[in-house]
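What follows is a short report on a single structure.
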Amino acid sequence: MAKKKMDEITEGRVYKRKRRDPKDPAKWIESKHWWIQFYHHRQIRKPTKTENFQEAVRMLNRELELAAAGKILPLEAERMKFSDLTKLVIRDYKRNERKSTERAEAAIWHLSSYFGETKPAEIDFSAIDAYVDYRKEIDKHANATIIYELKILKRGFNLASTILGKIPKFPVLSTANIRKGFFEDEDFEVFVKHFHEDLQPALRFSYLTGWRIKSEVFPLQWSQVDFKAGEVRLDPGTTKNDEGRTLPFALLPELQELLENQKAKTDLIRREQHRIIPWVFHRNGHRILSIKEAWKIAIDKSKIGKKIPHDFRRTAVRRFERAGVPRSVAMKLVGHKTEAIYRRYAIVAPQDLADGMKRLADYQEKTKGPATVVPIKKDEAGSA
């Protein structure tokens, strides 16, 4: 190769491959087309499919420019599939024993259905933005759902950042994070009577305490109930925020009576069935796993409007607010980790507003008497 031609190459090399002649192994055959070779994270060789040396040099320099701009990915990044990205997320959730693993898997199912086996290296802002449009316009999902799915996708990119080298930008969605549902006492009494008698104690316990019915009330065991101390305890790691919790139920007669009746009922079934029943709330000695269908039936029959189990939690928060319980104490009883989350549940009903104005009126009457209206003179009114 001439020295002049070599000077045109800044890095790497242009060469022709050689192979042995199948007819005469002692001889070597040179390829017809030029090849280029350079280093970027790894040694890269590519065919130019041209016999023109100058064109091959130009191709090499174009590849070097792409490499300098970071547009040539490491081999691992080129080979990574979308399924590899989602596996990293599931592995991370299971390794850290996250309670939302099942929800994350559901989000991954939707993401995988859309992106298929698209390489993560090919997913950019426009691709993610198109996913958001698809979920909103075609699947008709709310922003809150899509935001969670994007969170899972971004987690995958963060975990794979050492391989991919960069994380794409994500579209920003807003969501109304206000909690609206709650029960009035009259509605709850009508509603709860449409459940089987075995389910009613668990519902009443959740309604009074604000504890999460599926993850905290149904799994509750008698070993966590201390009648002597008058307390129910949730061990650290068993709650959503992983913090333990203590509920002094003996101070609320209605709650103490509920647990004592449930204990007497459990002891009776235990003697009849000759077996240990560890669960506080159960169906004839068997653990309660779900009330989804029973809930739907009770909603239809009670005609109180759409409600969800989490409305018990919101109702308990509002009850603590009305009772004047210090917020720091109420947060511990209900199980809220931050005040920002607690504030979202402190719902104000129209009657609360009316009560507030009535208290203000009573205060005005006691302290200052009726408000005095000072008439405005004509000249003052004219100049106003």
Side-chain angles (χ1 to χ4, degrees), residues 99-100 102-103 106 141-145 147-148 175-220 232 234 239-241 245 247 249 252 254-255 258-259 280-281 288-325 327 329-356:
K99 297 179 177 64
S100 56
E102 187 175 337
R103 186 185 178 194
H141 277 276
N143 278 9
T145 301
I147 288 171
Y148 182 77
T175 179
N177 213 11
I178 305 300
R179 310 308 195 200
K180 297 180 180 178
F182 59 92
F183 280 84
E184 296 296 345
D185 289 342
E186 314 85 66
D187 291 339
F188 174 75
E189 289 302 328
V190 172
F191 173 68
V192 75
K193 289 176 182 177
H194 290 288
F195 284 87
H196 189 276
E197 61 179 9
D198 285 349
L199 298 177
Q200 291 183 22
L203 295 172
R204 290 186 181 280
F205 185 90
S206 180
Y207 180 71
L208 290 171
T209 63
W211 284 14
R212 299 173 179 90
I213 190 165
K214 185 176 180 180
S215 62
E216 296 174 350
V217 177
F218 288 164
L220 194 64
V232 179
L234 291 179
T239 64
K240 185 177 180 180
N241 59 22
R245 196 180 313 154
L247 180 74
F249 67 84
L252 185 62
E254 187 178 354
L255 194 56
L258 184 153
L259 289 172
V280 175
F281 303 105
I288 304 170
L289 297 176
S290 174
I291 56 169
K292 189 174 182 180
E293 293 303 319
W295 186 280
K296 289 180 181 178
I297 293 171
I299 287 293
D300 291 338
K301 289 184 177 180
S302 61
K303 302 185 185 304
I304 61 172
K306 185 178 179 181
K307 304 288 182 187
I308 61 175
H310 220 63
D311 290 340
F312 287 165
R313 195 161 173 77
R314 297 187 256 275
T315 302
V317 168
R318 190 187 65 174
R319 192 184 302 116
F320 282 125
E321 288 280 301
R322 286 176 169 178
V325 176
R327 183 161 293 183
V329 175
M331 286 171 61
K332 289 289 186 182
L333 291 170
V334 177
H336 282 132
K337 196 168 186 177
T338 65
E339 190 168 336
I341 294 176
Y342 184 87
R343 284 197 300 267
R344 294 193 339 239
Y345 287 79
I347 300 161
V348 180
Q351 185 58 45
D352 297 333
L353 301 177
D355 291 344

Mind checking what makes side-chain contact (heavy atoms from CB on, under 4.5 Å) contact with Lys296, not counting sequence neighbours?
Lys292, Glu293

Once you round to the nearest 0.5 Å, how far does CZ of Arg313 lie from CD1 of Ile213?
12.0 Å

For the backbone of Phe183 and the side chain of Thr315, can you confirm whether one donor and one acceptor N or O come within less than 3.5 Å of each other?
yes

Measure across Ala202 and Val217 and return the closest heavy-atom pair with its distance rounded to 0.1 Å.
O-CG1, 3.8 Å

Side chains of Leu247 and Leu255, heavy atoms from C-beta outward: is any pair under 4.5 Å?
yes

For residues 189-206, which residue pairs pass the side chain to side chain donor-acceptor pair (under 3.5 Å) check, not counting sequence neighbours?
Glu189-Arg204, Asp198-Lys265

Heavy atoms, side chains only, cut-off 4.5 Å: are His310 and Arg314 in contact?
yes

I'd like to know whether Phe188 forms a side-chain contact (heavy atoms from CB on, under 4.5 Å) with Ile304, so could you lay out the CA-CA distance, the side-chain angles of the two residues, the decisive distance to 0.1 Å, and finally the verdict.
CA-CA 9 Å; Phe188 174 75; Ile304 61 172; over 6 Å; no

Looking only at heavy atoms, what is the nearest atom pair of Thr209 and Phe320, with distance?
O-CE1, 4.4 Å

Does some side-chain heavy atom of Tyr207 sit less than 4.5 Å from a side-chain heavy atom of Asp185?
yes

What is the minimum heavy-atom distance between Tyr148 and Ser100, and which atoms define it?
OH-O, 3.9 Å

With side-chain contact (heavy atoms from CB on, under 4.5 Å) as the criterion, how do Phe249 and Leu258 come out once you've worked through the C-alpha distance, each side chain's angles and the decisive distance to 0.1 Å?
CA-CA 10 Å; Phe249 67 84; Leu258 184 153; over 6 Å; no

Would you confirm whether Asp300, through its side chain, and Ile297, through its main-chain N or O, come within 3.5 Å as a donor-acceptor pair?
no

Flag side-chain contact, heavy atom, 4.5 Å: Leu203 against Trp295:
yes

Closest non-hydrogen contact found for Gly210 with Ala316 is CA-CB, 3.4 Å

Do the side chains of Phe312 and Trp211 get nearer than 4.5 Å, heavy atoms only?
no

Ser302 and Phe191: which non-hydrogen atoms are nearest, and at how many Å?
OG-CD1, 3.7 Å

pair Ile299-Lys307: side-chain heavy atoms closer than 4.5 Å
yes

For Lys214 and Leu289, work out which heavy atoms get closest and say how close.
CE-O, 4.4 Å

Could you go through the side-chain contact (heavy atoms from CB on, under 4.5 Å) check for Val232 and Val280 one step at a time?
CA-CA 11 Å; Val232 179; Val280 175; over 6 Å; no

